Each structure stands twice: as C-alpha cells, then as structure tokens.
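As structure tokens, the structure follows; a few thoughts come after it.
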Amino acid sequence: MKMKRLKTVKSILWALVGAAFAIAVFRFWRGLGPTTALTDLTPWGFWIGFDVMGGVALAAGGFIIAATVYIFHLERYRPILRPAVLTAFLGYSAVVVGLMFDLGLPWDIWHMIVFWNPHSPLFEVGWCVMLYLTVLLLEFLPVILEMSKHPVLAAVYHVLHKFTVPLVILGIMLSSLHQSSLGSLFLIMPHRLDPLWYTPILPILFFVSAVALGLMMVTTESLFSAWLYEEEYELDLLQGLGRVAAGVLWFYLALRLGDLAARGVLPHVLDGGFGPNLFLVEILWSVLIPATLLTIPATRKRMKTLAIAAGMTVSGMVFYRIDVGGLAMIESTGTRYVPSWTELTVSFGIVAGAALVFFWIAEHFHLMHGGPMIKGRERLPDVTNFRPRLIRGAVMFVSGAALATALLPNAAIDGWPVVAQTVHRPGYGDVMILDGNRNDKGVRFDHKMHADIVEGDDKCAYCHHMVKPGARATGCSECHKDEHLPTSIFDHRLHQELLAQGPGCLTCHEDTSKPKDLEHSKPCLDCHSSMIPAGAAFKPRESPNIGLAPGYMDAMHGLCLRCHTEQDGNSSTDAPTLARCSTCHSGVVKPFDPLHPDQRLAAPKKDDAPKGDDPKAE
Amino acid sequence: MSGPKGILTDVTKCIGCERCVQSCRMANDLGTVLPFRWLLDDGLSAVRWCSVLRKDGKFVRKQCMHCLQPACVSACPVGALQKTAEGPVIYDSDKCLGCRYCMMSCPFGIPRYDWESAVPYVRKCQMCYQGRVSKGVQPGCTAGCPTGATIFGDREDLLVEAKKRIADNPGRYLPTVFGESEVAGTSVLYLAPMQLDLLTLGNKLDERPMPGRTATAMSAVPPVFVGMGALMTGIYWIIERRMKAERERAAKNGTPPTDAHGHGAAGHHTHDGKEG
C-alpha cells in the first residue's frame with residue numbers, strides 16, 4: 001500500500017493516544033496533584049489554556065464556513081464545508097474530553113444542567129458547549145447517514161437534511177456567544193491579568209480573533225489533508241479565505257491597539273520586561289506577519305507562503321488565548337507554572353485522537369471534495385477487513401502507553417501521601433536535646449519514642465512538615481498544648497477563699513501597706529514545699545526568685561519526666577493528656593479547652609457557671 | 001440575629017501565637033498539613049483555612065474575606081458557593097464539579113484544592129457557618145484568640161468599633177479600615193499600621209465589586225443571541241429571495257445559474273446531489 005506519509009503520521013498519533021490513555025488512568029486514580037503541575041496559585045493550566053481555549057478557537061472554522069455557504073450562499077466554498085464542520089465537531093469533542101481530565105469531579109459535569117448560576121460566564125460557556133456540540137452532531141450526521149441504506153437511518157437523514165439551515169443559524173448564534181464568552185471568563189480576573197490583556201472588550205476581541213482563526217484553520221486543514229493524501233491543493237478557494245482573513249486580522253489589530261490607547265496603557269507596550277515583550281511577540285506572530293502575507297496577493301496565492309500565514313494565524317491566536325489563560329498572569333501573581341509533560345501528552349493525545357477520527361471519516365465517507373480519500377472503502381466499516389491496520393495502531397497505542405507509564409513520576413503511580421522511608425537517625429542518637437519552641441531552652445527529647453508513638457504513613461510529616469509560616473518543624477506545643485499557657489496556675493480567688501480564716505491577706509502579703517507585688521509577697525514554695533518532687537530532673541527557679549508561681553512550662557519540664565515514668569503504660573494518663581492539671585489536681589482545675597482559654601482563669605464553683613464566649617457573639 | 005456578621009482583626013494586638021489557626025483546625029476538624037508541591041507559602045491549604053503571616057515584626061491573620069459581593073459566588077457555574085444572610089460565604093461540595101473558576105476569580109487567592117485526592121473538593125474558611133455562626137456562636141478563630149486581636153460581631157458594630165479605635169489612638173493605625181470598601185466591602189475587616197497588600201493577589205484592587213465586571217458581558221448575552229439569529233435569518237432570506245429571482249430569470253433566458261458572486265456553482269456534489 002502506498003501513502004507512506006499517512007502511515008507514519010497515523011502511527012505517531014496512535015502512540016500519542018496510547019500515552020494519553022496511560023496518563024489518564026493514573027490521573028483518575030491518583031488525582032490531579034501527582035499527575036499535573038497545577039498549584040493552588042495556578043489552578044488552571046495547559047488543559048484549560050490549550051484544550052479548552054484552543055479547541056474552541058480551532059472549531060471556529062465550522063460556523064464561519066457554514067455561514068459562508070448557507071447564509072451568504074457562496075456556493076464555491078461548499079467543497080470545504082464538510083471538513084470544517086467535522087473539525088468543529090471534533091474540536092468541541094476535544095474540549096469536552098479535555099475538560100473531563102481537568103475537572104476535579106468530571107462525573108458531576110451534569111450538575112451544570114441541574115444547578116444554575118446564570119451570573120457565571122462559565123455557566124454560559126458550559127451550556128454553549130453542550131448545545132453547540134449537539135447542533136454540530138446534527139449538522140454532520142447526514143454525512144454518515146447518507147451512506148446507509150437502512151430505512152430508519154435514511155428517514156433520520158431526510159429529517160436532518162430539511163433542518164440544515166435552521167441548524168446552521170442556531171450554530172452561528174451559539175458560536176458567537178461561546179467564542180466571546182470564553183473572553184468574558186477572564187473579566188473577573190483583573191487582579192491576575194496583565195493590563196495589556198485585561199480589557200472590558202475581551203469578549204469582542206475573542207470573537208473577532210476567532211473569525212480570523214476559523215478561516216485560517218480551514219485553510220490549514222485543507223492544505224494539510226491535500227499534502228497527506230497527496231492530492232491537488234485548492235489554492236483558488238483558499239486564497240479567497242485568506243483575503244477575508246487579512247481584513248479581519250487588521251480589524252482585530254486596530255481594535256486591540258485602539259483599546260490599549262483608550263485605556264491609556266499603549267505606551268507600556270514598549271516598556272520592556274516580560275509582559276510587554278510577550279505582547280509584542282504575540283502581536284507580531286498572530287497578526288502582523290500573517291496579515292501582511294495575506295494582504296500581498298503574490299504571497300497569498302502561493303502555497304508555501306499561504307501555509308505559513310495560515311499556520312501562524314492559527315498558532316498565534318491559540319497563543320493569544322494561552323496568554324490570556326495563563327502567561328499574562330505570571331507577572332502579577334508571581335506564579336512559575338510550567339506544564340508537566342503529562343499535561344502536554346494528554347493534550348496532544350486528545351488532538352491525536354481527534355485527528356484519527358478525522359482521517360477515518362475522510363477515508364470512508366464523502367467528506368472531502370473528491371469523495372472518500374481511500375478508494376474502495378466507500379462504505380460503513382467492515383470489521384473483518386481492517387485488521388492489519390488495527391494491529392499496527394494497537395501496537396503503537398500499547399507502546400505509547402508503556403512509554404508514558406515508564407516515564408511517570410513515582411507520585412503519580414504510588415499516590416502522594418508521604419510514605420514512611422528510611423531516614424538517618426537524629427545526629428545525637430535516639431534521645432537529643434532540642435529547642436523545640438525556639439525559646440533558647442532545650443529539653444531532652446526522645447526521638448525514637450515519639451516516632452514509635454505516632455503511627456501511620458505520614459508519621460514523620462506529623463512533626464517535621466507542618467508547613468507553618470516561618471516554621472521548620474512542629475513545635476512541641478502542637479501536641480503538648482498546655483506547655484505554652486501563660487502562667488495562670490495561681491488562682492488568687494481560690495487562695496483568698498481558702499485563707500479567709502486566720503491572718504487573711506497577711507498570710508502571703510507580708511505588709512499590706514506595701515505594694516502587692518512580687519517582691520513583697522511570699523514565694524509559693526514556702527507553703528507548697530512538696531510541689532517539686534525530689535526526683536524532678538529540672539528544678540524550677542528557687543525562692544525568692546520564683547515569682548508568683550512557676551511558669552507552666554517550667555512546671556511541666558520539671559515534673560514531666562517523673563510522672564511519665566510513673567504513669568508509663570497507663571493510657572488514660574499518658575502523654576500528651578498527662579499535661580492536664582486535672583491529671584493530678586482532679587476536680588479543682590478544669591481541663592484546658594483551647595476554644596475557651598479564659599475559663600481556666602476562674603475557679604469553678606457550683607453556682608458560678610462559666611461565662612459564654614465573647615458577649616458580642618450573642 | 002441582628003445584622004450580617006463580620007470579623008475585625010487588629011494587627012497591632014496580634015502576638016502571633018497562632019491559636020486562631022489551632023482553634024480553626026479543631027472547630028473544622030482539619031487534618032495534618034503535608035509538604036505538598038502545590039502549596040503557597042502563605043500557610044493556607046486545603047487543611048488550613050486560616051494562617052498568620054509575618055511581615056516586618058507584625059502578624060497578619062489571613063483567612064477568607066467573605067466579600068459582600070464575592071467573585072467566587074458569581075463565578076461558580078453551579079452555585080456551589082453562596083453568600084449567606086449572616087455574612088459567611090459557604091461552599092456546598094454536593095454541587096461542586098471541580099472547575100476551580102472560584103480559585104481563579106478570588107482577588108485574595110483564598111480557595112484551595114484537594115490536589116492529592118482523586119475526589120477533590122474546594123476548601124476554604126466558611127466562618128464556621130454550619131456548626132457555629134448559624135447557631136449564634138462565634139467562629140473558632142475569634143473564640144480562640146487570647147488577646148482579642150480578632151473579634152466577631154455585627155459588621156456594622158465592628159466598623160464603628162474600628163473607627164473608634166482609629167480616632168482614640170492617633171498614629172497607631174492607618175486611617176482606613178481594610179475591607180470597608182475594597183472590592184465593594186468584605187465581611188472581614190482589618191485595622192493595621194501598614195498597607196495590607198500582602199493579603200491580596202496580583203494587581204492592586206479598586207473598589208468596584210468583582211461580579212460587576214462580568215455582569216455587563218453577561219447581560220449582553222440574550223440580545224447578542226437573538227440579534228445574531230435575526231441577522232443571520234434576515235441575510236439568508238434576502239439572499240435566498242434574490243437568488244430565486246435570478247434563477248427564475250435565468251431559467252427564462254436559458255443561461256446557467258450563478259452564485260452570489262457570479263462564479264459558476266462548481267465543486268462538490270455528493271452521490272445524490274444533496275448536501276449535509
């Protein structure tokens with residue numbers, strides 16, 4: 001069989017589809033995080049910028065050519081009508097498939113039909129995709145059905161054929177909405193989008209550029225299939241499209257620059273730096289060069305220059321959409337998103353799948369000017385007959401899938417949770433002195449014991465990676481919450497009540513005429529001499545410098561080792577709940593509740609109910 | 001319930017103890033933060049809905065601003081995000097389909113995503129609406145604050161209180177309440193001695209409500225749709241009528257029919273002469 005070009009191209013496409021399929025399996029199994037480069041700062045990436053924005057744009061050729069032929073009655077463009085409509089259908093299908101990868105919960109996509117928010121541009125985009133995909137299917141279905149002799153299919157064909165013009169008009173209405181509303185999506189992101197791109201007329205710019213893009217997409221496609229199937233180029237037709245596209249491109253440029261001027265940001269174009277330079281490259285690539293090539297008759301009518309102009313317009317306008325969808329946000333948000341190869345492969349795999357469908361239809365149906373591209377296949381497929389090609393495709397598919405799987409990062413295959421792995425022992429052995437709270441006070445820290453107590457796959461991360469601002473590891477107080485209580489252990493009212501008999505205030509305040517401060521009061525240890533166990537490893541500061549009461553942290557550090565040893569194995573009093581005062585002082589001090597920190601300050605009495613939260617809350 | 005609720009955070013009173021973060025974590029039963037690639041360095045994540053930023057020795061608590069006219073609510077195509085009458089902007093995971101447009105639209109970059117999950121949802125502060133605020137109890141963060149740096153109350157009362165503090169303490173604060181008019185006002189307000197640009201994302205915001213920016217384009221949808229339909233039908237009808245007349249004339253004169261540009265109707269004919 002001849003057609004070496006075709007075989008090679010198809011093999012590459014099959015491999016891409018296979019690779020995309022393999023990645024798809026892991027994307028749905030392991031989630032978006034491990035299989036993409038998306039972040040909380042860049043929640044939309046290549047799949048939105050290229051698949052959705054680009055796919056819709058590439059499909060613009062469908063409604064443009066349908067309008068040209070059916071509405072404006074320019075019959076000479078009819079030969080490229082069917083491929084254009086098919087491209088639009090496949091483009092939109094690619095958008096939907098791409099969205100299925102990108103959406104976090106793609107199986108819930110039907111929510112768009114049930115739950116409405118008409119204020120959302122994305123709601124409109126969603127409905128337009130659904131409706132226009134249906135319209136395109138109905139517009140294109142006759143091409144398939146006309147091959148069938150089955151009476152029911154033939155009847156459907158005749159009904160659809162009758163409604164061609166209303167369908168085309170509905171398609172144009174939906175397309176003009178959809179092409180523009182893709183621009184409206186970004187109107188709510190003035191904070192993200194560079195002022196060179198952010199403008200209230202984004203929807204209009206998107207629509208106008210889609211017209212030029214649609215015309216050039218049809219041109220590219222026609223030239224490419226002629227090259228691929230080694231047929232004649234339809235240069236006469238295509239240069240007519242090119243002339244119109246040139247006009248649209250110049251109009252688009254005028255709109256773009258006029259808008260910049262009206263908003264007073266035109267001078268910034270020459271500022272240099274990332275944004276302005278990106279803008280210049282984009283304008284040069286998407287408008288200036290192709291529009292010039294298309295305006296000069298000599299270059300417009302030559303195959304090579306026309307192909308260059310068409311390719312530049314198509315890629316340039318997709319470039320424009322990628323700019324709006326992400327590149328023009330880099331400076332304002334400081335994001336450094338680079339699409340992962342998995343994202344790129346999935347995107348190209350979707351395009352490859354669409355291309356394979358296109359070829360298949362071109363080969364079997366009256367899609368192109370001259371009928372089916374491969375003679376002798378003008379019929380619905382016969383399963384027994386295309387096995388050789390199926391095997392070649394399948395081999396490429398499996399190879400692509402295998403290669404992609406082999407290249408996938410571990411995270412995409414194993415999932416993301418931090419898996420326990422061999423780590424070096426802490427430098428000073430299993431027990432070390434560390435300053436967990438960074439207050440220049442070290443404590444003995446039994447690393448091995450903590451590692452044994454904390455369970456689960458993420459046990460190391462439990463302490464080592466809390467990802468708090470400025471923190472390198474978890475402070476002890478994350479678990480040992482009471483350590484950081486302000487020194488509130490001394491309850492003045494309780495002492496007042498207990499000591500009301502006898503000397504009263506003078507029990508502690510040596511001289512009532514002197515200030516009732518640290519210097520002129522009795523240290524706690526004078527009465528509570530048994531407060532510090534004899535075997536405590538750390539001695540709190542001794543009298544008279546002890547203050548009103550030892551800080552709670554001092555008390556804990558002084559007492560914990562002994563109690564922990566004593567209570568070892570007793571789950572009800574073991575760490576970290578041991579740190580509660582009530583473990584020892586049962587019934588006197590309430591357990592600490594972080595949501596009501598102040599309740600501990602008041603001594604609870606039966607008739608003194610704890611106060612509610614902030615009075616403002618009531 | 002009186003008016004819509006709000007939170008006032010006084011940056012000068014915050015000691016950076018992060019008890020608000022801890023209380024939030026407990027009130028909402030949030031898990032451990034793991035060192036994921038996709039986290040921002042502001043401390044917020046799918047399992048941390050409030051954090052304390054440190055800048056020049058000041059502590060600024062970051063959380064959802066609960067805008068009066070939220071961008072996320074207008075952006076969500078399925079209405080999974082709603083602004084309640086009490087003030088909190090809440091999220092309904094049963095409606096969400098995971099498009100993440102809310103994350104793109106938020107001018108403060110608040111919503112976060114369960115990237116590591118195969119069934120991911122959007123996560124953000126909901127001002128403890130379900131368990132607390134809807135029952136008249138203040139949110140976990142304000143209840144946990146030991147210094148009263150962040151307090152809960154009616155937004156109107158908090159604004160009065162904020163302005164009183166500005167008047168009573170000359171030089172202590174900038175003379176504006178952050179959140180009073182930014183993006184047409186937020187339920188969460190800040191008093192600070194410095195500009196709070198660190199709470200916003202990207203280009204500087206003005207006082208226009210975010211939903212208003214797409215509203216014009218969205219209101220043009222029905223007229224454009226109908227207008228385009230009418231225009232196309234009209235053009236089709238006029239050209240069709242003219243060509244019909246031409247065809248009849250041609251049939252009379254016996255010359256071959258031509259298309260609108262005068263070229264011969266050449267080209268594509270399918271097997272039965274009909275076109276899809």
Side-chain angles (χ1 to χ4, degrees), chain A residues 30-33 39-41 43-44 71 73-76 78-79 82 103-105 108-109 111-112 115 117 119-124 126 142-143 161 169 172-173 176-177 184 187-189 191-192 203 332-333 366 369 416 418 458 461-462 465-470 594-595 597 613-614 616-617, chain B residues 22-23 32-35 38-40 43 53-54 71 74-79 95 97-101 103-105 107 112 115-118 120 137-138 143-144 146 152-153 201-203 205 210 213-214 217 221 225 228-229 232-233 235-236 239 243 259-260 263 265-268 270 274 276:
Chain A
R30 291 305 187 189
L32 288 164
T39 70
D40 276 333
L41 187 60
W44 282 6
I71 307 300
H73 292 75
L74 295 174
E75 282 292 330
R76 64 198 179 97
R78 195 177 274 276
R82 285 181 162 195
L103 288 180
L105 309 163
D108 283 340
I109 196 169
H111 285 184
M112 199 87 95
F115 306 115
N117 179 16
H119 301 293
S120 168
L122 195 58
F123 170 80
E124 189 211 320
V143 177
H161 194 255
I169 292 178
I172 297 167
M173 291 158 76
S176 44
L177 277 195
S184 311
L187 288 178
I188 206 158
M189 303 174 200
H191 53 292
R192 281 179 176 263
S332 58
T333 57
H366 290 272
H369 184 28
W416 203 274
V418 179
D458 57 346
Y462 193 79
H465 298 286
M466 293 289 282
V467 199
K468 297 192 131 199
L595 297 181
D613 287 330
D614 193 327
K616 279 184 167 49
Chain B
Q22 181 69 11
S23 310
T32 314
V33 180
L34 294 173
W38 47 81
L39 299 180
L40 275 68
L53 307 176
R54 280 136 219 269
S74 92
C76 179
V78 290
K95 285 186 177 176
L97 50 78
C99 69
R100 308 188 292 283
Y101 192 26
M103 302 173 71
M104 290 297 285
S105 68
R112 301 300 156 100
W115 295 105
E116 79 282 12
S117 168
V137 182
Q138 64 168 323
F152 177 79
L201 182 71
N203 300 327
L205 296 169
M210 299 293 285
R213 294 173 180 272
T214 50
V221 164
F225 187 69
M228 190 55 99
M232 286 299 138
T233 313
I235 293 175
Y236 172 78
I239 297 182
M243 288 184 64
D259 78 6
H263 295 275
H268 189 44
T270 53
K274 286 170 185 169

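Here is how names work: the chains are called A, B, and so on, in the same order as the sequence lines, proteins then strands, and each is numbered from 1. What you see is a predicted model; the values in this text were computed from it and never measured.
For A/Ile188, the parts lying near chain B are the backbone and the side chain together; criterion is any non-hydrogen pair under 4.5 Å. Only the side chain of A/Pro203 comes within contact range of chain B, with at least one heavy atom under 4.5 Å from a heavy atom of that chain.
Put simply, of A/Leu177, A/Asp108, A/Ile109, the one with the most heavy-atom pairs under 4.5 Å next to chain B is A/Leu177. For the set A/Leu32, A/Ile172, A/Asn117, the entry with the most heavy-atom pairs within less than 4.5 Å of chain B is A/Asn117. When A/Thr333, A/Ile169, A/Ile71 are compared by the number of non-hydrogen pairs under 4.5 Å with chain B, A/Ile71 comes out ahead. Top candidate by heavy-atom pairs under 4.5 Å with chain A, chosen from B/Met210, B/Met232, B/Met104, B/Lys95, is B/Met104. Your options are B/Ala217, B/Ser105, B/Gly79, and the one with the most heavy-atom pairs under 4.5 Å with chain A is B/Ser105. Ranked by non-hydrogen atom pairs under 4.5 Å with chain A, the options B/Gly98, B/Pro107, B/Pro77, B/Cys99 are led by B/Pro77.
In this structure, A/His119 and B/Thr214 approach most closely via the heavy-atom pair O-OG1, 4.3 Å. Across every non-hydrogen atom of A/Met173 and B/Phe225, the tightest pair is CE-O, 3.3 Å. For the residue pair B/Arg100 and A/Gly104, the shortest heavy atom distance occurs at NH1-N, 3.8 Å.
Between atom OG of residue A/Ser120 and atom OH of residue B/Tyr101 there is a gap of 6.0 Å, rounded to the nearest 0.5 Å. To the nearest 0.5 Å, atoms CG (B/Leu40) and CG (A/Leu41) are separated by 5.0 Å.
Using a 4.5 Å cut-off on side-chain heavy atoms (C-beta onward), B/Trp115 and A/Pro43 make contact.
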